[in-house]
2 protein chains.
Amino acid sequence: MSGANLKKVGLKVTLPRLKILEILERAGDDHHLTAEDVYKLLLEQDEEVGLATVYRVLTQFEQAGIVRRLNFENNISNFELDTGDNHDHLVCLKTSKVKEFVDPVIEERIQEIAKENGYDLSGHSLVIYGTLTNEA
Amino acid sequence: MSGANLKKVGLKVTLPRLKILEILERAGDDHHLTAEDVYKLLLEQDEEVGLATVYRVLTQFEQAGIVRRLNFENNISNFELDTGDNHDHLVCLKTSKVKEFVDPVIEERIQEIAKENGYDLSGHSLVIYGTLTNEA
DNA sequence: TTTTGTGCAAAGAGTTTGCAACTAG
DNA sequence: CTAGTTGCAAACTCTTTGCACAAAA
């Protein structure tokens, strides 16, 4: 993911956008960042980017399919790079650590359930909540 | 559900609480009301209840296990009577109509996934989004 | 009467927007 | 040059809180 990709979706290649992309990449799998998180990380590396810009950029990325917006229980948005695999999430209620998983069985049932009920499926959101017991 | 049940969970039987309970009951399966919805319904039947009270009461009901709080995509809370069956939701993106379902296969997979990943399962949230095609 | 609940207005959190200054193409 | 982008402050939406008054037990 880089400048070329930004251009491809019709977004000018600017410093804030590149930096935010970089932060999302660096965050990896079990960090699903809030806008605030991204903003703070930018400050830590002495980038002068406003919080409003972070929101705008994340929203644009979402619309461009670069980023997924996740809504966990707290009514606050978390963002992750959209890797294309349509994974779901396991959230630890103690540590807030997030793990990703894909389950073909569930995936299939979801499609069937949508069909059975006369819905034209467009997506789903599955979050499993629990507490991590013995850390691997 | 009535005054007796309120008392059982340690809540005084008051008019706002009874009226809100009544509204939730009347709403039925495919109406998952926001606090605002409940508030407006109260006004429509000429009940003088403040929005803050609606929020307070719904939160108390949630803690008492009378009500479930649902968070769909929009980061706004919807409330429904907690019937005990742990159902999930199908949401129509056009009409916002909500349908409930229970799927044993998915239920089982969720338990397995939690275990496989070393999580002590405490709950989950599954929402399927789609558009209702030919209304039944 | 004592405890608990209520209404109102104000505060709070997260997010969005208007606008003048700036910058990539 | 000029259309798109940014930072800031102000606005907005949903939700919670402080407090004086009111109602339940």
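By convention in this document, chain letters (A, B, ...) are assigned in the order of the sequence lines, proteins followed by strands, and residues within each chain are numbered from 1.
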Q: Please determine, by modelled atom types, if A/Arg68 and A/His32 share a side-chain donor-acceptor pair under 3.5 angstrom.
A: no
Q: Summarise protein proximity over nucleotides 18-25 of chain D in one line of letters, 5' to 3': B for base, S for sugar-phosphate only, - for none, counting protein heavy atoms closer than 4.0 Å.
A: B-----BS
Write down the distance between [atom1] ([X]) and [atom2] ([N]), rounded to a whole number of angstrom.
| X | N | atom1 | atom2 | value |
| --- | --- | --- | --- | --- |
| A/Arg17 | D/dT6 | CZ | C1' | 10 Å |
| A/Leu6 | D/dT6 | CG | C1' | 15 Å |
| A/Ile76 | D/dC14 | CD1 | P | 17 Å |
| B/Asn71 | D/dT15 | CG | C1' | 12 Å |

Could you tell me if the side chain of [Y] sits less than 4.5 Å from the side chain of [X], heavy atoms only?
| X | Y | answer |
| --- | --- | --- |
| B/Phe72 | A/Ser125 | no |
| B/Leu24 | B/Leu58 | yes |
| A/Phe61 | A/Leu11 | yes |
| B/Leu132 | B/Lys94 | no |
| A/Phe101 | B/Glu116 | no |
| B/His89 | B/Glu100 | yes |
| A/Ser77 | B/Asn75 | yes |
| A/Val67 | A/Leu81 | yes |

Q.
With the threshold set at under 4.0 Å for non-hydrogen atoms, list the residues of residues 35-49 of chain A touching DNA chain D in residue-number order.
A. A/Glu48, A/Val49
Solution key, residues 102-111 of chain B side-chain donor-acceptor pairs under 3.5 Å, sequence neighbours excluded:
| unit_1 | atom_1 | unit_2 | atom_2 | d |
| --- | --- | --- | --- | --- |
| B/Asp103 | OD1 | A/Arg109 | NE | 2.8 |
| B/Asp103 | OD1 | A/Arg109 | NH2 | 2.4 |
| B/Asp103 | OD2 | A/Arg109 | NE | 3.3 |
| B/Asp103 | OD2 | B/Val105 | N | 3.2 |
| B/Asp103 | OD2 | B/Ile106 | N | 2.8 |
| B/Arg109 | NE | A/Asp103 | OD1 | 2.9 |
| B/Arg109 | NE | A/Asp103 | OD2 | 3.3 |
| B/Arg109 | NH1 | B/Glu112 | OE1 | 2.2 |
| B/Arg109 | NH2 | A/Asp103 | OD1 | 2.4 |

Q: Can you pull out how bent the helix from C/dT1-D/dA25 to C/dG25-D/dC1 is, comparing the axes over its first five and last five pairs, to 10°?
A: 30°
(Q) Judged by each residue's nearest nucleotide on DNA chain C, which is more toward the 5′ side, B/Leu51 or A/Asn78? (A)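 Nearest-nucleotide comparison on DNA chain C picks B/Leu51.
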Q. Toward the 5' end of DNA chain C, which comes first, B/Asn75 or B/Gly50, by nearest nucleotide?
A. B/Gly50
Q. Distance from B/Ile20 atom CD1 to B/Gln60 atom CD, nearest 0.5 Å?
A. 9.0 Å
Q.
Once rounded to the nearest 0.5 Å, what's the spacing between atom CG of A/Asn5 and atom NZ of A/Lys7?
A.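 Result: 11.5 Å between the selected atoms.
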Q: Give a yes/no answer on whether the side chain of A/Thr53 brings an N or O atom under 4.0 Å of OP1 or OP2 in D/dT5.
A: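 For A/Thr53, the contact criterion (side-chain N or O under 4.0 Å from OP1 or OP2 of D/dT5) is not met.
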Q) Hey, is the side chain of B/Tyr55 poking within less than 4.0 Å of OP1 or OP2 on D/dT15, counting only N and O atoms? A)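 So the side-chain polar atoms of B/Tyr55 do come within 4.0 Å of the phosphate oxygens OP1 or OP2 of D/dT15, strictly under.
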Q.
Categorize A/Thr34 for me: base, sugar-phosphate, or nothing, with a 4.0 angstrom heavy-atom threshold over every strand shown.
A. nothing
Q. Which two nucleotides bound the region of DNA chain C that has atoms under 4.0 Å from heavy atoms of chain A, read 5' to 3'?
A.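 Counting from the 5' end, contacts occupy C/dG14 to C/dG25.
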**Q.** Over 12 non-hydrogen atoms of neighbours within 6.0 angstrom of CD in B/Glu48
**A.**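 Counting neighbours around CD of B/Glu48, 12 or fewer heavy atoms of other residues, nucleotides or ligands fall under 6.0 Å, so no.
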**Q.** By salt bridge (Lys or Arg N to Asp or Glu O under 4.0 Å) - contacts of B/Glu47 (at least two apart)
**A.**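 Expected list: B/Lys19.
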